[in-house]
Every structure is written in C-alpha cells, then in structure tokens.
Amino acid sequence: MKTREQALKYGLSFPDTYQEAPFHDPNWQLVRVKGSKKAFLWTYERGGYICLNVKVDPAWREFWRKAYESVTPGYHQNKEHWNTIILDGSIPDKDVKKMIAESYDLVTDSPTKRIYEVVKTIPKGKVATYGLVAELAGNPQMCRAVGNALHNNPDPENIPCFRVVNAKGELPANFAFGEGTQEKLLREDGIEVENSKVDLDKYLWRNFD
C-alpha cells in the first residue's frame with residue numbers, strides 16, 4: 001500500500017464510516033465513524049510520502065515502532081495513543097491494514113471486533129455460518145457485516161475466516177485470499193469439501209462442541 005486512495009478505500013470499507021476534509025486543506029483527508037464522528041484514519045502527504053495517523057493501543061505502540069522504521073510517533077497528535085505510518089513501501093500491506101483495523105476498533109464499539117473474536121474461537125475441523133457468527137457477535141441481523149469484516153480480515157493467521165461458510169454450507173465465490181484458497185485450507189483442516197460445499201450436519205460448530 002503506497003497511495004492515499006488505497007488507504008482511504010480500506011478505511012471506508014469498515015461499517016458506518018465516511019470521509020472528510022475538515023481543515024479546508026485537501027492535503028488532510030480523514031475517515032471518521034458515523035455517530036461519534038471520531039476519526040480513526042488521518043491521511044496526508046509529508047516529505048514526499050503519503051502518511052497515515054492511526055490510533056494505537058499503548059500496549060502495542062512500541063511494538064509497531066520497533067518493528068518498522070516507517071512507524072513513528074503520531075505527527076501532530078498525542079504520541080502515547082497515535083502512530084504515524086509512512087507509506088514508503090517498507091511495511092507489508094497486511095500490517096498496514098492491521099494497524100488501521102486496530103485504530104477503527106479503538107474508536108468505536110466495533111461489531112467488526114466482536115466478529116473477529118467469535119471467528120477466532122471456531123475450532124479446527126469445524127465451520128460456522130455467517131448467521132451463527134452474527135448471532136454470537138451480538139446481532140443475528142448483521143450477516144452482511146460478517147461478510148464485510150471477513151473480506152477485510154487484517155490477520156488471517158489468527159482469525160480463521162476460511163472456516164465460515166453460508167447457511168447451506170457453500171463456500172463463497174469471492175473468498176478474499178484467492179480462488180481455491182478456502183477449499184484448500186478447509187481440506188488441510190480435515191474438512192471434506194464436495195462441489196464447493198461442506199456438510200453442515202457433520203462439520204457445523206455449535207459453540208458447545
């Protein structure tokens with residue numbers, strides 16, 4: 001990720017967000033959460049690079065700064081709670097996205113965070129449906145939000161979104177990490193997949209297995 005457009009697009013993929021330029025200066029473009037109007041992603045050009053300011057949990061603040069030279073204390077913001085990400089190409093996209101997602105979670109009571117926490121608990125060898133994940137995350141009506149959250153999964157190694165299928169046990173056609181990847185990962189989990197479908201009677205996780 002190197003461009004402002006890529007960063008803004010990812011920020012706006014989270015539920016209930018909008019873009020704003022509050023300083024009458026087009027160099028500063030923010031993504032806020034509707035309702036609270038809290039900003040979780042600031043974008044601007046500085047020193048020839050696009051930079052992002054993201055909120056950070058103090059427990060992770062130094063981790064990110066030590067992991068990448070291009071993560072620095074928040075420019076023009078509280079340096080205990082904000083980091084600046086310099087998009088110079090040195091930080092993998094997955095980590096840029098993870099930092100943006102963490103910032104979003106910190107400024108909102110995030111359904112996305114609850115969804116990820118549910119998905120983390122799906123055991124190996126089992127699958128859950130979008131509806132079940134939504135229900136366990138606190139709102140049975142937010143199946144669409146589940147799909148959106150999993151499509152933008154910032155940490156697939158620890159959030160096994162490949163274990164989520166639709167109500168018929170079918171694998172979604174637009175799995176975020178590439179064609180055939182979900183089926184491959186499910187098979188490695190010991191789950192049989194036939195015609196892009198999982199037998200829910202056999203493999204559905206019921207949260208009490």
Side-chain angles (χ1 to χ4, degrees), residues 1-3 5-18 31 33-34 40-41 91-106 108-209:
M1 184 182 296
K2 289 187 176 181
T3 69
E5 290 74 21
Q6 290 171 324
L8 289 172
K9 182 179 179 180
Y10 184 69
L12 291 167
S13 73
F14 291 92
D16 300 319
T17 55
Y18 66 98
V31 181
V33 177
K34 294 177 182 177
F40 67 95
L41 175 62
I91 307 172
D93 278 9
K94 66 180 181 64
D95 282 345
V96 175
K97 290 180 176 180
K98 186 172 184 178
M99 286 184 273
I100 295 172
E102 288 174 350
S103 182
Y104 174 82
D105 286 341
L106 286 169
T108 183
D109 176 22
S110 169
T112 302
K113 185 175 183 179
R114 297 198 301 271
I115 288 166
Y116 289 154
E117 290 304 314
V118 170
V119 174
K120 286 179 183 179
T121 64
I122 303 171
K124 182 178 180 179
K126 294 291 183 178
V127 297
T129 63
Y130 291 98
L132 176 60
V133 172
E135 181 179 352
L136 293 175
N139 185 350
Q141 305 301 316
M142 63 178 184
C143 292
R144 185 174 180 180
V146 172
N148 183 68
L150 299 186
H151 188 76
N152 292 291
N153 184 353
D155 187 13
E157 291 184 8
N158 296 303
I159 304 170
C161 58
F162 69 90
R163 293 178 184 152
V164 183
V165 297
N166 72 16
K168 296 179 180 179
E170 297 167 339
L171 280 57
N174 59 340
F175 184 69
F177 303 103
E179 184 178 354
T181 302
Q182 183 175 20
E183 182 171 338
K184 176 178 179 291
L185 292 171
L186 287 171
R187 291 185 184 280
E188 290 175 354
D189 246 11
I191 296 173
E192 298 172 352
V193 181
E194 297 292 339
N195 298 318
S196 297
K197 189 174 182 179
V198 171
D199 183 349
L200 293 182
D201 289 334
K202 186 174 182 180
Y203 294 109
L204 180 64
W205 174 56
R206 304 182 191 278
N207 197 29
F208 49 76
D209 297 330

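All values below come from the heavy atoms of this structure, side chains included, with hydrogens, waters and symmetry mates left out. Residue numbers run from 1 in the order of the sequence given.
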Open item on the list: Holding to side-chain contact (heavy atoms from CB on, under 4.5 Å), I want the full list of residues that pass it with Leu185, two or more places apart in sequence or in another chain.
Closed with: Phe162, Thr181, Glu188
TODO: State which residues pass side-chain contact (heavy atoms from CB on, under 4.5 Å) with Ala134; sequence neighbours excluded, sorted by chain then number.
DONE: Met142, Cys143, Val146
TODO: Look up atom NZ in Lys98 and atom CD1 in Ile91, then write down how far apart they are to the nearest 0.5 Å.
DONE: 13.5 Å
Open item on the list: Using 0.5 Å steps for rounding, measure from the CD atom of Glu183 to the CD atom of Glu192.
Closed with: 12.0 Å
Task: Atom of Ile122, atom of Ala128 and distance for their closest heavy-atom approach - done: CD1-CB, 3.7 Å
Open item on the list: For Arg187, is the CZ atom crowded, meaning more than 12 foreign heavy atoms sit under 6.0 Å from it?
Closed with: yes
- [ ] Taking only Lys NZ, Arg NE, NH1 and NH2, and the carboxylate oxygens of Asp or Glu, determine whether Glu157 and Lys94 approach each other closer than 4.0 Å.
- [x] no
Open item on the list: Can you give me the closest heavy-atom contact between Leu200 and Ala167, atom names plus distance?
Closed with: CD1-O, 3.3 Å
TODO: Check Ala137 against Val118 and note the closest heavy-atom contact, atom names and distance.
DONE: N-CG2, 3.9 Å
TODO: Output the distance between atom NZ (Lys34) and atom OG1 (Thr17), rounded to the nearest 0.5 Å.
DONE: 7.0 Å
TODO: If the plane angle is over 60° it's perpendicular, under 30° parallel, otherwise tilted; pick one for Phe40 and Tyr104.
DONE: perpendicular
Open item on the list: When you measure from the side chain of Tyr116 to the backbone of Ala149, do you find a donor-acceptor pair of N or O atoms at a distance under 3.5 Å?
Closed with: yes
Task: Phe14 and its side chain to side chain contact (heavy atoms under 4.5 Å, CB included) partner, picked from Ile100, Asn148, Val31, Leu41 - done: Ile100
Open item on the list: I'd like to know if the side chain of Gln182 reaches the main chain of Ser196, judged simply by a donor and an acceptor atom lying under 3.5 Å from each other, with no hydrogens or angles considered.
Closed with: no
- [ ] Specify the closest pair of heavy atoms between Asp189 and Arg163, including all atoms of both residues, with the distance to one decimal.
- [x] OD2-NE, 2.7 Å
- [ ] Kindly give the heavy-atom pair with the smallest separation between Asp201 and Arg206, and that separation in Å.
- [x] O-NH2, 4.2 Å
Task: Any side-chain heavy-atom pair of Val96 and Gln6 under 4.5 Å - done: no
Open item on the list: Let me confirm one number: the SG-CD1 distance from Cys161 to Ile115, rounded to the nearest 0.5 Å.
Closed with: 12.0 Å
Task: SB check Glu117 Lys120 (cutoff 4.0 Å) - done: yes
Open item on the list: Measuring from atom CG of Asp155 to atom NZ of Lys97, what distance do you get when rounded to the nearest 0.5 angstrom?
Closed with: 13.0 Å
Open item on the list: What I'd like to find out is whether the side chain of Trp205 reaches to under 4.5 Å of the side chain of Thr121, using heavy atoms alone.
Closed with: yes
Task: Flag, side chain of Asn166 to backbone of Lys168, donor-acceptor distance under 3.5 Å - done: yes
TODO: Taking all non-hydrogen atoms of both residues into account, name the closest pair between Pro156 and Pro154 and its distance.
DONE: CD-C, 3.7 Å
Task: Pairs meeting criterion side-chain hydrogen bond (donor to acceptor under 3.5 Å, both in side chains) with involvement of residues 127-142, two or more places apart - done: none
Open item on the list: Measuring from atom CG of Leu204 to atom CG of Asp199, what distance do you get when rounded to the nearest 0.5 angstrom?
Closed with: 10.0 Å
